[in-house]
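So that the names make sense, note that chain A is the first sequence line, chain B the second, and so on, each numbered from 1.
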Number of protein chains: 2
Amino acid sequence: MTAKTQTRPGGRSARVQASVHAAVEKLQHAMPRDAVTIPAIAEEAGVTPSTIYRRWGDLRELFADVAIQRLRPDSPPADTGGARSDLEAWTDQYAEEMASGPGRKMIQDVLISQGEDGKASACCDITRAQLELLAERARGRGEAFPCVDDVLDQVVAPIIYRILYDQPLDESRWRRFIARLFEEIADKG
Amino acid sequence: MTAKTQTRPGGRSARVQASVHAAVEKLQHAMPRDAVTIPAIAEEAGVTPSTIYRRWGDLRELFADVAIQRLRPDSPPADTGGARSDLEAWTDQYAEEMASGPGRKMIQDVLISQGEDGKASACCDITRAQLELLAERARGRGEAFPCVDDVLDQVVAPIIYRILYDQPLDESRWRRFIARLFEEIADKG
DNA sequence: AACACTAAAGCAAATTTTTTGCGTTAGTGC
DNA sequence: GCACTAACGCAAAAAATTTGCTTTAGTGTT
């Protein structure tokens with residue numbers, strides 16, 4: 001996952017990674033974001049700056065790395081008993097989380113990095129996986145559920161887009177988008 | 001617009017801004033992006049680094065500034081004779097432009113900056129203005145046109161979202177999204 | 001047209017960050 | 001336990017950013 005944790009001679013990632021990540025999170029709370037420098041993180045983490053430079057390259061990559069870990073949901077989406085209300089509940093929580101100060105920072109951190117590898121798409125995949133879970137749960141109940149890509153495009157995308165462009169959506173609006181998707185699959189059924 | 005171009009004693013922006021912008025664009029073409037440094041830009045532009053630092057703060061702000069100017073469309077959207085085909089044509093061009101290498105960089109540059117001011121929302125506003133133009137044109141012809149916010153949320157947002165997350169949409173998909181919006185307003189009419 | 005006023009730009013020194021070479025240490029597989 | 005490899009620490013060198021002060025160029029007024 002973090003690339004070098006595999007079984008190869010010489011690897012030593014776990015400890016350093018943990019303390020650096022912790023240092024980043026601590027400093028991000030303690031001071032304005034642009035004041036968080038690599039030398040400062042290094043000192044807080046008890047490692048040398050060069051370690052961080054060599055391992056992450058720059059602040060952006062490091063921040064993105066931390067952000068992705070925070071994005072990873074710690075619990076599966078709530079089960080409210082019905083497909084549509086499941087999706088609504090998930091969306092409400094997702095939107096709130098993303099619109100929050102830290103949430104926006106995370107999105108930006110991930111997008112900004114996009115150095116070469118697909119760190120950004122990894123982040124999107126996490127969301128998709130959550131939705132797949134909801135879809136599967138619905139299927140298990142014999143309920144209809146919109147295509148996951150459609151949910152991404154018509155519900156998640158506008159939420160993120162508006163957050164990025166500083167004009168957050170309100171709940172009634174994404175509720176409407178969800179309603180549309182369910183209407184559409186109802187027509188076909 | 002660029003803040004200091006107003007009528008105030010002491011202003012001197014125009015010349016420096018022009019040469020710095022030009023230098024940025026030239027260097028961005030000539031070398032990998034991370035190799036473009038402020039000192040290099042300063043030399044190319046024939047100004048002192050400190051001038052750039054004081055005026056823009058850092059590379060991100062400067063890049064965003066340049067990107068926004070490039071985003072500003074130089075011609076109004078094509079007139080294809082009908083509201084729906086106008087929107088389709090505009091969307092095709094927009095998506096292509098944004099999905100291109102330089103387009104993606106621009107999006108990122110703008111989003112990354114988001115220092116304090118609403119540079120990002122300015123960028124969204126440019127898109128909105130284009131859509132308003134299409135809507136007005138349709139109105140002039142007596143044709144129905146979807147709500148601009150709906151177009152932003154259901155057509156533009158997924159295009160940008162997918163580009164950011166490195167999984168670009170294909171044409172048939174946004175065509176479908178456009179179709180949905182037109183169906184919806186047809187139902188109400 | 002000259003004058004006063006203000007903010008931007010130049011310059012250079014001080015500071016901080018980033019890069020780099022090399023020796024050391026810790027984790028892996030045999 | 002042994003050999004091997006990559007990550008880390010350390011320190012010097014290079015590059016970047018910041019900062020105080022001076023000079024220069026626009027603006028508005030008389």
Side-chain angles (χ1 to χ4, degrees), chain A residues 1-24 26-28 30-66 69 109 112-113 115-117, chain B residues 1-24 27-28 30-66 109 112-113 115-117:
Chain A
M1 183 168 306
T2 323
K4 313 294 171 51
T5 315
Q6 293 145 12
T7 31
R8 285 259 209 62
R12 177 160 40 147
S13 36
R15 222 186 4 258
V16 172
Q17 166 156 27
S19 54
V20 169
H21 274 218
V24 169
K26 177 170 175 187
L27 294 186
Q28 282 187 342
M31 52 177 75
R33 197 140 243 262
D34 349 351
V36 180
T37 66
I38 288 186
I41 294 166
E43 183 172 15
E44 174 70 35
V47 301
T48 328
S50 65
T51 298
I52 297 181
Y53 285 115
R54 278 199 250 251
R55 191 153 162 174
W56 282 278
D58 60 15
L59 257 188
R60 291 209 268 285
E61 291 297 325
L62 174 53
F63 279 9
D65 208 45
V66 173
Q69 296 227 338
D109 287 345
I112 287 170
S113 83
E116 323 302 332
D117 53 353
Chain B
M1 184 165 302
T2 323
K4 313 294 169 54
T5 315
Q6 294 147 10
T7 28
R8 284 262 208 62
R12 182 162 35 151
S13 36
R15 223 184 5 257
V16 172
Q17 165 157 28
S19 55
V20 169
H21 274 218
V24 169
L27 293 186
Q28 283 187 343
M31 51 179 74
R33 195 142 245 263
D34 350 351
V36 179
T37 65
I38 287 186
I41 293 167
E43 183 172 17
E44 175 69 35
V47 301
T48 334
S50 65
T51 297
I52 297 182
Y53 285 117
R54 280 202 247 251
R55 191 153 162 176
W56 282 277
D58 60 16
L59 257 189
R60 289 211 269 284
E61 290 297 325
L62 175 53
F63 280 8
D65 208 45
V66 174
D109 286 345
I112 288 169
S113 84
E116 322 302 330
D117 52 355

Roughly, in whole Å, what's the span from [atom1] in [X] to [atom2] in [N]?
X	N	atom1	atom2	result
A:L59	C:dT16	CG	C1'	14 Å
A:W56	C:dT17	CH2	C1'	18 Å
A:D58	D:dA16	CG	P	15 Å
A:E61	C:dT18	CD	P	14 Å
B:R54	C:dG10	CZ	P	10 Å

Please table the atom pairs, donor to acceptor, closer than 3.5 Å between any side-chain atom in residues 40-50 of chain A and protein atoms at least two apart or in another chain.
residue	atom	partner	partner atom	Å
A:E44	OE2	A:K26	NZ	3.1

A:V66 side chain near A:Q69 side chain, heavy-atom distance below 4.5 Å:
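No, too far: nothing below the 4.5 Å cut-off.
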Taking side chain as C-beta onward, heavy atoms only, is B:R55 less than 4.5 Å from B:V20?
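B:R55 does not reach B:V20 side chain to side chain.
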Can you see which heavy atom on A:W56 is nearest to which on A:Q17, and at what distance?
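In terms of heavy atoms, the two residues are closest at CH2-CA, 4.2 Å.
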Apply side-chain hydrogen bond (donor to acceptor under 3.5 Å, both in side chains) to A:Q28 and list each qualifying residue two or more places apart in sequence or on a separate chain.
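By the side-chain hydrogen bond (donor to acceptor under 3.5 Å, both in side chains) rule, A:Q28 matches no residue at all.
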Apply side-chain contact (heavy atoms from CB on, under 4.5 Å) to residues A:V36 and A:F63 and explain how you reach the verdict.
CA-CA 10 Å; A:V36 180; A:F63 279 9; 4.0 Å; yes
Separation of B:D58 CG from B:I38 CD1 (nearest 0.5 Å):
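The CD1 atom of B:I38 sits 6.5 Å away from the CG atom of B:D58.
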Check each residue of residues 38-53 of chain A for a non-hydrogen atom within less than 4.0 Å of any atom in DNA chain D, then write out the ones that pass by number, or none.
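By residue number: A:G46, A:V47, A:T48, A:S50, A:T51.
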Kindly say whether, by distance alone, the side chain of B:R55 makes a donor-acceptor pair under 3.5 Å with the base of C:dG10?
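A donor-acceptor contact between them is absent.
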Kindly calculate the angle separating the two end axes of the helix from C:dA1-D:dT30 to C:dC30-D:dG1, each obtained from five base pairs, and round it to 10 degrees.
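Computed angle between terminal axes is 50°.
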Salt bridge (charged side-chain N to carboxylate O under 4.0 Å, His left out) against A:R33, all qualifying residues, sequence neighbours excluded
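A:R33 satisfies salt bridge (charged side-chain N to carboxylate O under 4.0 Å, His left out) with A:D109 only.
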